[in-house]
Amino acid sequence: MRRRLLSSTLLVAVIGVLLLGIPLGVAVNRLIEEEATQELSSHAKSLLGEVEYARIQDQPVDEQQLERKYSDLYIQIYAKGTPPQVITVGTEPPESQKMTEDAQSENGVYVAVSRDKTGVEREVRAWLFLILGLAAAALAVAVGLAIVQSRRLTLPLSDLAMIAERLGSGDARPSKHRYGIQELDRVAEVLDRSATRISDLLAREREFATDASHQLRTPLTGLTMRLEEIVAAADEPGIVKEEGEAAIVQAERLTAVIDELLATARRQRQAQSEIVELDVLLDQQFIEWGPAFRRAGRRLSLIGTRGLRALGTGGGISQVISTLLENSLEHGGGTVTVTTCARDRSIVIEVADEGKGITEDLAPRIFERNVSGGGSTGLGLPLARTLAAADGGRLELVRARPAAFAFFLRQVGDSGRNRVVRGPA
């Protein structure tokens with residue numbers, strides 16, 4: 001591209017120099033020749049006047065004086081008379097290099113003045129060389145400007161190419177480079193916006209992968225516990241059947257979690273909201289987590305209002321309750337009590353235990369990602385709060401010691417205008 005800019009600029013400069021230089025050279029040539037001709041004509045008329053004056057005064061023409069006065073000219077004077085008077089002064093130039101102008105009076109005096117054209121041609125050449133020098137200087141300036149302009153254009157383009165290549169390799173950092181050229185700055189702005197969008201997409205993908213692994217771990221853990229119960233009770237067909245049915249339910253829940261993840265990725269959770277029977281959902285959670293709490297020597301308790309229904313998605317609500325139960329199992333202590341109640345604008349599910357609870361410095365940050373006081377991943381509660389918000393509800397820590405979490409859900413008939421929250425928690 002740089003070579004193309006240089007050649008095109010040089011071509012334009014050459015055309016401009018030719019269009020201006022050739023007519024200027026012709027005009028200078030004509031002007032110098034006309035000036036020389038006018039000068040000779042002026043000398044001829046002046047000599048004619050001098051000769052006429054000398055004749056009137058009856059004085060001879062002083063040839064030596066004329067030679068001193070017009071040393072570079074060849075003069076011929078012819079005057080009628082008896083005998084006719086012929087005077088020549090100076091050296092006659094070669095015929096091929098001769099310029100001549102004459103003048104004649106009514107009294108029969110004829111004067112011819114000649115000069116060598118070599119001096120005129122020398123002056124013309126000097127002016128032409130000056131014009132050529134100016135043309136060469138103009139071409140040099142044009143080439144310099146073309147080099148500067150080509151660098152100003154090609155270097156930003158190379159920089160933009162590097163930014164685009166870096167963007168394609170996964171480095172989605174905005175460059176924020178600007179070049180003072182409106183079109184190139186617009187391209188740089190578009191690349192920066194694209195880099196920001198790609199960075200957001202990559203962050204969402206990483207977050208989705210992390211959330212997916214965490215969400216899938218809980219039902220897989222429950223399924224593993226069921227399979228362990230089956231293996232431990234291999235000699236008791238009744239227990240095997242019961243645990244096998246529970247394992248099937250757990251596998252179905254795993255499938256629902258996968259569907260929930262896909263729906264979350266496609267931002268379709270609000271469109272999938274439905275009426276959820278909370279009794280069925282909570283009973284299922286108690287069946288799934290009961291064996292784990294029994295092995296830990298702890299108890300699960302369900303109290304409060306029965307027959308409640310809420311708006312949301314079964315998979316999302318199940319995942320939130322499951323996360324709270326798992327959190328109580330791993331970090332809490334004593335009996336875990338799940339309390340359900342209906343308030344003015346929401347259905348509340350509260351999960352509380354009798355453990356040491358959450359420290360004061362950790363409580364305000366408990367829903368931040370990667371924040372954990374027990375050495376876990378720190379993803380469970382943030383993900384649970386996101387799922388709660390996606391269903392139009394919210395998840396709050398209502399008591400730090402002992403820990404108690406409240407899950408607020410929309411009541412049936414809520415149009416969304418009085419939704420508990422309007423965006424991600």
Say whether, by atom type as modelled, one donor and one acceptor occur between the side chain of [X] and the main chain of [Y] under 3.5 angstrom.
X: T323; Y: Q319; result: yes
X: D116; Y: T118; result: yes
X: T37; Y: E33; result: yes
X: D279; Y: G307; result: yes
X: E67; Y: V89; result: no
X: R298; Y: G334; result: yes
X: R399; Y: P402; result: yes

Legend entry - Whether over 12 other heavy atoms sit under 6.0 Å from Q97 CD: yes
Legend entry - Which residues share a side chain to side chain contact (heavy atoms under 4.5 Å, CB included) with Q76, sequence neighbours left out: Y74, T88, A112
Over all atoms of both residues, closest heavy-atom pair of [X] and [Y]:
X: I317; Y: G312; result: CD1-CA, 4.3 Å
X: A384; Y: V320; result: O-CG2, 3.5 Å
X: V17; Y: A138; result: CG2-CB, 4.3 Å
X: W289; Y: L325; result: CD1-CD1, 3.7 Å
X: V111; Y: A44; result: CG1-O, 4.0 Å
X: A406; Y: V398; result: CB-CG1, 3.5 Å

Legend entry - Ionic contact status for R186 with E189, cut-off 4.0 Å: no
Legend entry - Salt bridge present between K98 and E92 (N-O < 4.0 angstrom): yes
Legend entry - Lys NZ or Arg CZ of R394 over F408 ring: under 6.0 Å, within 45°: yes
Inset, instruction - Show your reasoning for whether side chain to side chain donor-acceptor pair (under 3.5 Å) applies to E34 and Q38. - result: CA-CA 6 Å; E34 289 178 359; Q38 289 177 1; 5.2 Å; no
Inset, instruction - Show your working on salt bridge (Lys or Arg N to Asp or Glu O under 4.0 Å) between R306 and D283 and close with a plain yes or no. - result: CA-CA 11 Å; R306 303 290 289 178; D283 290 342; 3.5 Å; yes
Side-chain contact, heavy-atom cut-off 4.5 Å: [X] with [Y]?
X: V14; Y: L139; answer: yes
X: I321; Y: L282; answer: yes
X: T340; Y: V348; answer: no
X: L311; Y: L409; answer: no
X: L40; Y: M99; answer: yes
X: R309; Y: V276; answer: no
X: S328; Y: E326; answer: no
X: V28; Y: V124; answer: no

Within this structure, what is the [atom1]-[atom2] distance for the pair [X] and [Y], rounded to the nearest 0.5 Å?
X: L302; Y: T339; atom1: CG; atom2: OG1; value: 8.0 Å
X: F405; Y: L395; atom1: CZ; atom2: CG; value: 7.0 Å
X: L329; Y: S322; atom1: CG; atom2: OG; value: 10.5 Å
X: K69; Y: H43; atom1: NZ; atom2: NE2; value: 9.0 Å
X: T335; Y: D353; atom1: OG1; atom2: CG; value: 9.5 Å
X: E101; Y: R115; atom1: CD; atom2: CZ; value: 11.5 Å

Inset, instruction - For N29 and W127, run side-chain contact (heavy atoms from CB on, under 4.5 Å): C-alpha distance rounded to whole Å, both residues' side-chain angles, the deciding distance at 0.1 Å, then the answer. - result: CA-CA 8 Å; N29 185 33; W127 278 99; over 6 Å; no
Inset, instruction - Check the pair Y70 / V113 against side-chain contact (heavy atoms from CB on, under 4.5 Å), numbers first and verdict last. - result: CA-CA 10 Å; Y70 302 102; V113 180; over 6 Å; no
Inset, instruction - Go through L47 and L66 one step at a time and tell me if the side-chain contact (heavy atoms from CB on, under 4.5 Å) criterion holds. - result: CA-CA 9 Å; L47 280 172; L66 291 179; 3.4 Å; yes
Inset, instruction - Output, in order, the C-alpha distance, side-chain angles, deciding distance and verdict of side-chain contact (heavy atoms from CB on, under 4.5 Å) for R345 and R410. - result: CA-CA 7 Å; R345 294 184 178 181; R410 287 186 293 157; over 6 Å; no
